[in-house]
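Shown next, in structure tokens, is the structure this report addresses.
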2 protein chains.
Amino acid sequence: MSRPPASEPTEVELQILRILWERGPSTARQVHEALQAMKSTNYSTTVKMLGVMLEKQLVARDDSVRPQVFQAAHTRPVVQRKMLRRMVDTVYGGSLKALVLQALSSKEAESEDLTEIRALIEDLEAKEGNA
Amino acid sequence: MSRPPASEPTEVELQILRILWERGPSTARQVHEALQAMKSTNYSTTVKMLGVMLEKQLVARDDSVRPQVFQAAHTRPVVQRKMLRRMVDTVYGGSLKALVLQALSSKEAESEDLTEIRALIEDLEAKEGNA
DNA sequence: CAGCTTTAGCGAAATCCTTCGCTACTCCCC
DNA sequence: GGGGAGTAGCGAAGGATTTCGCTAAAGCTG
């Protein structure tokens, strides 16, 4: 039977999506080889996963070429946003601000990053102000 | 057999942790009642979950009182940070900045939030500058 | 086109998460 | 101390995810 379409990607699914986002459209073999860098599973497993992901519509498949070529069904930002929202809801009680504040106050916020973020905020505030 | 200690909390585990963070130390019964607000599962299930979470050391149990009292093993910020880090690694390729920039550019970033965030950045930059 | 390599896919096993039924234990009240 | 109510826990079922073996199909090479 088929699966709930477009549910949240699971762990392994996310690993595969990252590969597809980075490499672009790829054959099962190529995905599998990239996957080896992270884990050592069988080629069969990769193929099966791609099949499952196709059912879930997490990836699309081009059958007009041989071997078949897979690509992510949604762009990285789209998936990121969806997962971020979920994180905000389940872990930060729905407060995006809480998440950002915590992210910024963690050690790894570099000063160049901060500058860039501040610039973005000024941009956004400017827009808000004119609205 | 025992379970991998202190792995990431799963969905239901997170719901329970949220209850414990909000209510403070609680009996199984109290956790169960709070849980009912979100889902309707059996009391047995709640008890079992607390047992599993104890094995995973996600919660601690005080056996010196009757009924036993559970509390979260780690504070909310600690768990949040861990999950955020994981999210950054698996979804944002390790770039905290990428996550924050995306969070800020999503619609729900309110202007008051922005002000507050900007204040934090100025704080941080001040500290960096003196280092 | 025969045979070898690569690719595609199915079905089942292994693992994890979530659920609950059933049993035993503790507590309290009469 | 006996009996009912609430509490604790085990073991197993059900569902989802991840794994792979085995088979079949497609493509390549001589």
Side-chain angles (χ1 to χ4, degrees), chain A residues 1-20 25-71 83 86 90, chain B residues 1-20 25-71 83 86 90:
Chain A
M1 288 293 139
S2 69
R3 312 205 178 213
S7 51
E8 298 278 284
T10 64
E11 199 55 38
V12 181
E13 286 166 358
L14 201 50
Q15 288 179 333
I16 292 178
L17 283 180
R18 273 192 294 169
I19 289 165
L20 290 175
S26 312
T27 65
R29 173 67 52 188
Q30 290 168 329
V31 170
H32 177 61
E33 260 146 31
L35 209 47
Q36 300 286 60
M38 301 177 242
K39 52 187 336 211
S40 48
T41 52
N42 202 296
Y43 174 70
S44 268
T45 304
T46 305
V47 170
K48 176 63 154 191
M49 275 303 169
L50 285 168
V52 169
M53 291 171 79
L54 186 63
E55 274 188 71
K56 287 191 185 176
Q57 293 173 268
L58 291 173
V59 297
R61 188 177 64 184
D62 180 354
D63 285 328
S64 72
V65 293
R66 245 15 242 223
Q68 302 158 342
V69 168
F70 294 86
Q71 61 180 310
M83 297 191 74
R86 186 178 161 70
T90 61
Chain B
M1 288 293 136
S2 68
R3 313 209 174 210
S7 51
E8 298 279 285
T10 63
E11 199 55 38
V12 180
E13 286 167 357
L14 202 49
Q15 288 179 333
I16 292 178
L17 284 179
R18 273 192 293 172
I19 288 165
L20 290 174
S26 310
T27 65
R29 173 67 52 187
Q30 290 167 330
V31 170
H32 177 62
E33 260 146 31
L35 209 47
Q36 300 286 61
M38 301 178 241
K39 49 187 336 207
S40 48
T41 52
N42 202 294
Y43 174 70
S44 267
T45 303
T46 304
V47 171
K48 176 62 156 189
M49 272 323 221
L50 286 168
V52 168
M53 292 171 77
L54 187 62
E55 275 187 69
K56 288 192 185 175
Q57 293 173 270
L58 290 173
V59 299
R61 187 176 68 184
D62 181 354
D63 285 328
S64 72
V65 292
R66 257 355 255 228
Q68 302 158 341
V69 167
F70 294 86
Q71 61 179 312
M83 297 191 74
R86 186 178 160 70
T90 62

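Residue numbers start from 1 in every chain, and the chains themselves are labelled A, B, ... in the order their sequence lines are given, proteins ahead of strands.
- For dT18(D), the paired nucleotide is dA13(C), the pair qualifying as Watson-Crick or G-U wobble because both relevant distances are below 3.5 Å.
- Classification of dC28(C) as anti follows from a glycosidic angle more than 90° from 0.
- Remark: P of dC10(D) and CG of Leu50(B) are 13 Å apart, rounded to the nearest angstrom.
- Remark: C1' of dT17(D) and CD1 of Ile16(A) are 12 Å apart, rounded to the nearest angstrom.
- The base-pairing partner of dT23(D), taking Watson-Crick or G-U wobble contacts with both distances under 3.5 Å, is dA8(C).
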I'd like a table of donor-acceptor pairs (distance under 3.5 Å, sequence neighbours excluded) in which one partner is a side-chain atom from residues 9-20 of chain B, with atom names and distances.
unit_1: Thr10(B); atom_1: OG1; unit_2: Glu13(B); atom_2: OE1; d: 3.2
unit_1: Glu11(B); atom_1: OE1; unit_2: Arg86(A); atom_2: NH2; d: 2.9
unit_1: Glu13(B); atom_1: OE1; unit_2: Thr10(B); atom_2: N; d: 2.7
unit_1: Glu13(B); atom_1: OE1; unit_2: Lys56(B); atom_2: NZ; d: 3.3
unit_1: Glu13(B); atom_1: OE2; unit_2: Lys56(B); atom_2: NZ; d: 2.8
unit_1: Arg18(B); atom_1: NE; unit_2: Thr90(A); atom_2: O; d: 3.4

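- By the side chain to side chain contact (heavy atoms under 4.5 Å, CB included) test, Thr45(A) pairs with Thr41(A), Asn42(A), sequence neighbours left out.
- Sorted by first and then second residue, the ring pair (Phe, Tyr, Trp, His ring centres under 6.0 Å) pairs with a member in residues 43-64 of chain B read His32(B)-Tyr43(B); sequence neighbours excluded.
- Counting only residues at least two apart or on different chains, the side chain to side chain donor-acceptor pair (under 3.5 Å) pairs with a member in residues 58-70 of chain B are Arg61(B)-Asp63(B), Asp62(B)-Ser64(B), Asp63(B)-Gln68(B).
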Nucleotide-resolved protein contact map, nucleotides 19-30 of chain D, B/S/- at heavy-atom distance under 4.0 Å: BBBB---SS---
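- Distances shorter than 4.0 Å separate none of the side-chain N or O atoms of Gln68(B) from OP1 or OP2 on dT26(C).
- Smallest separation of non-hydrogen atoms from Thr46(A) and Ala28(A): CG2-O, 4.0 Å.
- As rounded to whole Å, 12 Å separates atom P of dT6(C) from atom NE2 of His32(A).
- What separates CD of Gln15(A) from P of dT17(D) is a distance of 15 Å, to the nearest Å.
- Residue Lys56(B) has its side chain nearest to dC17(C) when only dC17(C), dA8(C), dG9(D) are considered.
- Counting all heavy atoms, side chain and backbone alike, Thr27(A) lies closest to Pro67(A) at CG2-CG, 4.1 Å.
- The phosphate of dG9(C) has OP1 or OP2 within less than 4.0 Å of a side-chain N or O from Arg61(A).
- A straight line from CG of Leu54(B) to C1' of dA8(D) spans 12 Å, rounded to a whole angstrom.
- Atom-to-atom, CG of Leu14(A) to P of dT18(D) comes out at 10 Å; the value is rounded to the nearest Å.
- For Glu33(A), the side-chain hydrogen bond (donor to acceptor under 3.5 Å, both in side chains) criterion is met by no residue, not counting sequence neighbours.
- When the P atom of dT26(C) is taken as reference, atom CG of Asp63(B) falls 12 Å away, rounded to whole Å.
- Atom CD in Glu8(A) sits roughly 12 Å away from atom P in dT17(D) (whole-Å rounding).
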